[in-house]
Amino acid sequence: MKKYNTGTAKQIIERLKEEGYYLTESSLRTWVRMGIIPSARCGRKVYIYYPNVVRVLQEGIPEIETPEPVTNGIRQLY
């Protein structure tokens, strides 16, 4: 079977298992929702680029920058 670099979460998880990586599908979906792994949506499907997933697994999750709090004036509510 030919392997493509782009696929759904289920396809990416299957390829990761074949290549010796372990990651749950829910973890992958959470990373996509948080924006750690970029993705493209087409209707209800989410397509993920496989090399981006491998890069995150090898290098770790990048630091997410938080905005500086406003100290003068109106407080920002989260």
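Model, not experiment: these values are computed from the prediction. This chain uses plain numbering: 1 for the first residue, then up along the sequence.
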Any side-chain donor-acceptor pair under 3.5 Å between Gln11 and Tyr47?
no
Assess Arg15 against Tyr50: is NZ or CZ under 6.0 Å from the centre of the six-membered ring, and within 45 degrees of the ring's axis?
yes
So, using side chain to side chain contact (heavy atoms under 4.5 Å, CB included) as the criterion, who are the partners of Glu59 when residues are at least two apart?
Arg55
How close do Leu23 and Ile13 get, counting heavy atoms only, and between which atoms?
O-CD1, 3.3 Å
In terms of side-chain heavy atoms, does Ser27 have a donor or acceptor partner in Thr30 at a distance below 3.5 Å?
no
Between Ser39 and Ile48, the two heavy atoms sitting closest are CB-CG1, 4.3 Å
Evaluate the criterion side chain to side chain contact (heavy atoms under 4.5 Å, CB included) for residue pair Tyr49 and Asn5; output intermediate values, then yes/no.
CA-CA 6 Å; Tyr49 188 57; Asn5 281 336; 3.7 Å; yes
I need the Tyr4 OH to Ile12 CD1 distance, nearest 0.5 Å.
13.0 Å
Do Met34 and Val54 belong to the same hydrophobic cluster, where Ile, Leu, Val, Met, Phe, Trp and Tyr are linked whenever their side-chain heavy atoms lie under 4.5 Å apart, directly or via other members?
yes
Note: Thr8 and Lys45 closest approach over all heavy atoms is CG2-CD, 4.3 Å
